[in-house]
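Sharing a structure here in structure tokens format.
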Amino acid sequence: LIELNEIHDVCQGSSDAGGIYCGGGWVSLGNQLRHNFIHDLHSIFGTDVQGIYIDETGAGFRCEGNVFASIAGSAFQVGGGRDNVLLHNLAVRCGSGLLADARGLTQMTTPDGIGLLKARQQGLITMKYREELWAARYPDCALIPPDWATLIAQSDRWLTPRGSVFSGNLGWQNAVWISGDAVVRNYFQAAADNVVDRDPLFVDETNLLLGLKPGSPVSAIPGWEPIPFGRIGVRE
């Protein structure tokens, strides 16, 4: 559980990076990233710096109630991984709200990519993911084939971001809301109830007080829970 952190002005000399960066792997199911405030991420190398970056088919993250502001790249980048749930987040003045791809299908066609995918599969096997302890907790994960031939034969099912969700989020003045729209349409389990380009009604954005005033349009989002903005960051 990664929560209640304020992260800003990092990755200034980096690219292909994120305020919270998660490397590839299929053993990350159950990780939660919630109620973090990630802002002012800009790099001398351009726009390839993200708020939360789930890289190289990383899978099974739940990201809820995070606040993103002034990020050169995307609030979220999902690099092809399955079952990532992005729910009830705020993204303002970012390059995009979500950047999504299905890179697993490309990786299976190159020697380097195959090496990465086989390493992810071996990571599951090493964790004994089909034995009772893990299979009971993560039954969907237990369905992933343990042999390479079956995995490749069913690549559309296992090597794409199926099961992922991008729903109930609010965006404001982002350059693009979803980059990779075709990937989201074709593979994501859901992308619904997002409120795009509506002023969230922050308490005082100039002073980075990004709690929400009464009457914020988030009230129209089903299931929205208040973000405890006053508890985020270092406190005495």
Side-chain angles (χ1 to χ4, degrees), residues 1-7 18-20 22 28-39 50-54 58-69 71 74-78 81-94 96-100 137-141 160-174 176-181 183-205 208-233:
L1 173 63
I2 300 173
E3 67 173 349
L4 298 173
N5 300 284
E6 181 180 4
I7 301 170
I20 297 178
C22 317
S28 50
L29 282 86
N31 285 318
Q32 298 182 62
L33 285 62
R34 72 183 183 198
H35 302 155
N36 299 287
F37 178 31
I38 305 174
H39 63 97
Q50 330 300 336
I52 292 178
Y53 189 176
I54 304 172
F61 287 84
R62 184 178 181 91
C63 305
E64 186 169 8
N66 300 286
V67 180
F68 304 91
I71 295 172
S74 302
F76 289 106
Q77 181 166 346
V78 176
R82 300 174 48 83
D83 302 316
N84 293 300
V85 176
L86 319 175
L87 190 68
H88 298 160
N89 303 280
L90 292 170
V92 298
R93 299 188 176 90
C94 300
S96 63
L98 169 66
L99 172 58
R137 180 64 178 84
Y138 303 112
D140 292 339
C141 186
T160 60
R162 294 198 180 279
S164 293
V165 171
F166 183 63
S167 293
N169 305 285
L170 187 145
W172 169 240
Q173 295 188 346
N174 302 291
V176 178
W177 181 233
I178 296 177
S179 181
D181 188 60
V183 170
V184 173
R185 287 197 313 270
N186 292 334
Y187 298 115
F188 273 48
Q189 177 178 312
D193 298 319
N194 294 299
V195 176
V196 181
D197 217 25
R198 292 280 304 279
D199 186 343
L201 300 182
F202 291 125
V203 170
D204 184 356
E205 185 177 2
L208 292 180
L209 300 176
L210 302 194
L212 301 177
K213 296 177 182 177
S216 169
V218 299
S219 62
I221 297 175
W224 181 277
E225 294 288 341
I227 297 172
F229 194 81
R231 295 173 53 211
I232 294 174

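Heavy atoms only: backbone and side chains are in, while hydrogens, waters and symmetry mates are out. Positions are given from 1, in the same order as the sequence printed here.
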Distance in Å, F188 CZ paired with L98 CG, rounded so as to fall on 0.5 Å steps = 5.0 Å

With sequence neighbours left out, the residues meeting salt bridge (Lys or Arg N to Asp or Glu O under 4.0 Å) with E3 are R34

Any donor-acceptor pair under 3.5 Å linking the side chain of S216 with the backbone of K213?
-> no

State, yes or no, whether a side-chain contact exists between V218 and P200 at a heavy-atom distance under 4.5 Å.
-> no

Minimum-distance pair of heavy atoms, taken over all atoms of G215 and L201 = O-CD1, 3.5 Å

Are the side chain of N31 and the backbone of S28 linked by a donor-acceptor contact shorter than 3.5 Å?
-> yes

Atom of H39, atom of L208 and distance for their closest heavy-atom approach | CE1-CD1, 3.6 Å

Considering residues at least two apart in sequence or located in another chain, which fulfil the ring pair (Phe, Tyr, Trp, His ring centres under 6.0 Å) criterion with F166?
-> W177

Locate the shortest heavy-atom distance separating R162 from N186; write the atom from each residue and the value.
-> NH1-O, 3.5 Å

D83 side-chain N/O to A59 backbone N/O, donor-acceptor pair under 3.5 Å = no

Mutual orientation of the aromatic rings belonging to F76 and F68 [parallel < 30°, tilted 30-60°, perpendicular > 60°] = perpendicular

Would a distance-only check, ignoring hydrogens and angles, find a side-chain to backbone donor-acceptor pair under 3.5 Å from N89 to L170?
-> no

In chain order, what residues pass the ring pair (Phe, Tyr, Trp, His ring centres under 6.0 Å) check against Y53, with sequence neighbours excluded?
-> Y21

Give a yes or no answer on whether the side chain of N84 reaches the backbone of P161 with a donor-acceptor pair at less than 3.5 Å.
-> no

With sequence neighbours excluded, give me every side-chain hydrogen bond (donor to acceptor under 3.5 Å, both in side chains) pair touching residues 190-201.
-> N169-N194

Qualifying residues under ring pair (Phe, Tyr, Trp, His ring centres under 6.0 Å), relative to F229, sequence neighbours excluded | F37

What is the minimum heavy-atom distance between C22 and L33, and which atoms define it?
-> SG-CD2, 4.4 Å

Test item: V184 and S164 side chains (from C-beta on) under 4.5 Å apart, heavy atoms = no

Does one side chain, of S74 or S96, offer a donor that lies under 3.5 Å from an acceptor on the other?
-> yes

Give a yes or no answer on whether the side chain of S167 reaches the backbone of A192 with a donor-acceptor pair at less than 3.5 Å.
-> yes

Got N36 and I2 here, is their nearest side-chain heavy-atom distance under 4.5 Å?
-> yes

Closest contact, heavy atoms only, E205 versus L210 | CA-CD2, 3.6 Å

Is a donor on one side and an acceptor on the other found under 3.5 Å between the side chain of N174 and the backbone of A91?
-> yes

Can you check whether H35 reaches E64 side chain to side chain, under 4.5 Å on heavy atoms?
-> no

Just jot down the side-chain hydrogen bond (donor to acceptor under 3.5 Å, both in side chains) partners of Q173, sequence neighbours excluded, or say none.
-> R93

Specify the closest pair of heavy atoms between L87 and R62, including all atoms of both residues, with the distance to one decimal.
-> CD2-NH2, 3.3 Å

